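To start, the structure itself, in structure tokens.
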Amino acid sequence: MGKQRALIPYITAGFPTPDVSLDVLRRVAAAGADFVEVGVPFSDPLADGPTIQRTTQAALEKGMTLPRVLDLVRQAALDVPVIIMTYLNPVMAHGVDRFIRDAQGAGVSGVVLTDLPAGADAGVEQAVTSSALSLIRLVAPTTDDERLAAALKHASGFVYLISRLGVTGARDTVPPDLAHHVGRIRAITRVPVAVGFGIGTPAQATAAARHADGVVVGSALMDALATGGVAAAERLTRDLAAAVHA
Amino acid sequence: MSAHDTSVTGRFGPYGGRYVPETLMHALEELAAVYDAARADPRFWSELDDLLRNYVGRPTPITAVPRLSAQVGAKVILKREDLNHTGAHKINNTLGQVLLAQRMKKRRIIAETGAGQHGVATATVCARFGLECIVYMGEADMRRQRLNVYRMELMGAKVVPVTSGTRTLKDATNEALRDWVTNVTTTHYIIGSVVGPDPFPRLVRDFQSVIGREARAQVLEQLGRLPTVVVACVGGGSNAMGIFTAFLADSGVQLVGVEAAGEGVASHRHAATLGAGRPGVFHGSLSYLLQDADGQVQPAHSVSAGLDYPGVGPEHAYLKDTGRVLYDAVTDREALDAFAALSRLEGILPALESAHAIAWVLKSRRASDDLILINLSGRGDKDVAMVAELTGAAL
């Protein structure tokens, strides 16, 4: 992330179908994304709200697997960095070292592991941090300062701040304590801060970009894709990019 | 409290851990600290013991079952958890956890439930302590266990139908975890089994271990020797850990955990997680898991809603690997036959879950000088309508 604020769209790999998904990745990336976050479908997405539960379920029904997600990323050959967002079990089933190798081979630059909080598994964490992949840490409003310092010791890429308690999904407002939590992170690390969970409209993106270095939009984009197709997702990305880059 | 004290690492061998969204980490650290303080506080245990005695009706008896024994060809004893208030072992844990919630000043309680027994036990303690109670239950299970849904509602709980995924216990647990992520600062999640992230597997085990402590002393006192084999059904595995823990150090006592083979392990319609699964991360811990080659969780199947779960407690994974406990499985058919057998031979209707343990004993070959202790974890009243439907009886 440079001086300009970054827009980070999230896309469920394989939704609505693997073929369309390739088109989505390319067109969303070209519509003003600075990074693209690619979600690996998992059968039990316990940190996700209804939208991403639906898109990941649909992708699984189309036969999406972790190796196919990486194929999709390789094929898309995007000119912005790709971050893989996944629950841990598909990675463990694939093999952690093999995942790291295959992800790098596909051109992935970082990984967010939804259910691997800092300190939870030294083996997995060391494998990722000693590779060229960035291990992007999630920070929540409930993360106290002691945990924050420990969690961000080896942070790289960017820090992903969960804007509020709860699961993924679009909400009406940006939480008032966002600036406070961004400030807590900045006191510890110079790694850029991206904020996500509940941000869906250009106005919310503008508000979030006032404090953070990057803005992640997922559910709203997947809703647009589900109801209006690739053109709608592309349009929303363009509007969000204009808001974030303004 | 136990030979496998995990309070430092949160692990049983390689299994267990805290694989959760970051948002929950603070609450797990708080719960672990509050529990560690409580377990060192004699007042905590004396308050719990008083409730177990005067509210639940403990100690539960052990019962000799001569007609079943004649059929097995060896002496069989039942530990009567079915005689607890609310009809199953689940209340041992919910009472312990509600006392922890009091210490954390959390007045909103959530729970998941499969058969409804844990939901009922949670609704019960919430009524007793005047706490808000929300129970997540799969829509398919609500149909199977309508009586328990109504019991929870009578006690003031709100039962939320879960319509995602397989609409059973696994999805109810997902939904409870989503609620907890959203309301974690005001809410305590009473997990119903020895599953989930640390410290749940060890604290649920500790609250259930009263079963084995009582049973071991009762068998010694009344029969003058230890059992040769202790048998319990395993879904998540809380009643099994509850009775096994007191016997782990007795190397002469064989321990047997019985999983649900459903329509047969080869049919892929089963819940034999330890028998047919492999290690993976699910619902906050590393343990055996029913999953496909890509790491997607496979739906489980059992006639018994309480065993219908693709995961299993991490301590069971460890006890399987070390060989201390033998894990086996019996089918729906065998469990239904055992349900009928115990009803006719002894006048005791077992829960379909517990009927799996009875079924294993009925089909295993035992020596005549064996002394078999079975944990009868719950009563079968909740299953009567279901059994009638399956056997074509009109009610």
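Source: prediction; values computed, not measured. Proteins get letters first, then strands, A, B, ... in listed order; numbering begins at 1 in each. Just so it is clear, the values below take in all heavy atoms, side chains as well, and ignore hydrogens, waters and symmetry mates.
Residues A/Ala120 and B/Arg11 share a closest heavy-atom pair of O-NH2, 2.9 Å.
A/Tyr87 meets the ring pair (Phe, Tyr, Trp, His ring centres under 6.0 Å) test with A/Phe42; sequence neighbours excluded.
Using a 4.5 Å cut-off between heavy atoms, A/Ala118 contacts chain B through its backbone alone, with no side-chain atom that close. Residue B/Gln298: no heavy atom, backbone or side chain, is found under 4.5 Å from chain A. Within the 4.5 angstrom heavy-atom criterion, no atom of B/Ala176 approaches chain A. Heavy atoms of A/Leu66 lying under 4.5 Å from chain B are absent altogether.
Listed by sequence position, A/Gln53, A/Leu60 are the residues of residues 53-63 of chain A in contact with chain B, using a 4.5 angstrom heavy-atom cutoff. Below 4.5 Å, heavy atoms of chain B meet heavy atoms from A/Leu165, A/Gly166, A/Val167, all part of residues 163-184 of chain A. Within residues 90-110 of chain A, the residues having any heavy atom under 4.5 Å from a heavy atom of chain B are, by residue number, A/Pro90, A/Met92, A/Ala93.
Most heavy-atom pairs under 4.5 Å with chain A: of the set B/His283, B/Glu175, B/Met25, this distinction falls to B/Met25. Of all the listed residues (A/Gly49, A/Pro45, A/Ala47), the one sharing the greatest number of non-hydrogen pairs under 4.5 Å with chain B is A/Pro45.
Here A/Asp121 contributes atom CG and B/Arg18 contributes atom CZ; the two are 13.5 Å apart, rounded to the nearest 0.5 Å. In this structure, the separation between OG1 on A/Thr142 and CD on B/Glu29 is 9.5 Å, given to the nearest 0.5 Å.
The number of heavy atoms from other shown groups lying within 6.0 Å of CZ (B/Arg278) is above 12.
Checked by atom type and distance alone, the side chain of B/Gln296 pairs as donor or acceptor with a backbone atom of A/Pro41 at under 3.5 Å. Within the 3.5 Å criterion, the main-chain N or O of A/Leu46 finds no donor-acceptor partner in the side chain of B/Asn174. Listed for the A/Asn89 side chain is no donor-acceptor partner under 3.5 Å among the backbone atoms of B/Gly280. Checking side-chain atoms of B/Thr23 against main-chain N and O of A/Ala140 turns up no donor-acceptor pair under 3.5 Å.
Side-chain contact between A/Arg147 and B/His26 is absent, with no heavy-atom pair separated by less than 4.5 Å.
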- Task: Kindly determine whether A/Arg137 and B/Glu22 satisfy salt bridge (charged side-chain N to carboxylate O under 4.0 Å, His left out), including the steps that lead there.
- Result: CA-CA 9 Å; A/Arg137 292 299 195 184; B/Glu22 171 62 29; over 6 Å; no
- Going through the checks in order, is the side-chain contact (heavy atoms from CB on, under 4.5 Å) test met by B/Lys170 and A/Asp44? CA-CA 8 Å; B/Lys170 142 182 125 70; A/Asp44 294 81; 2.7 Å; yes
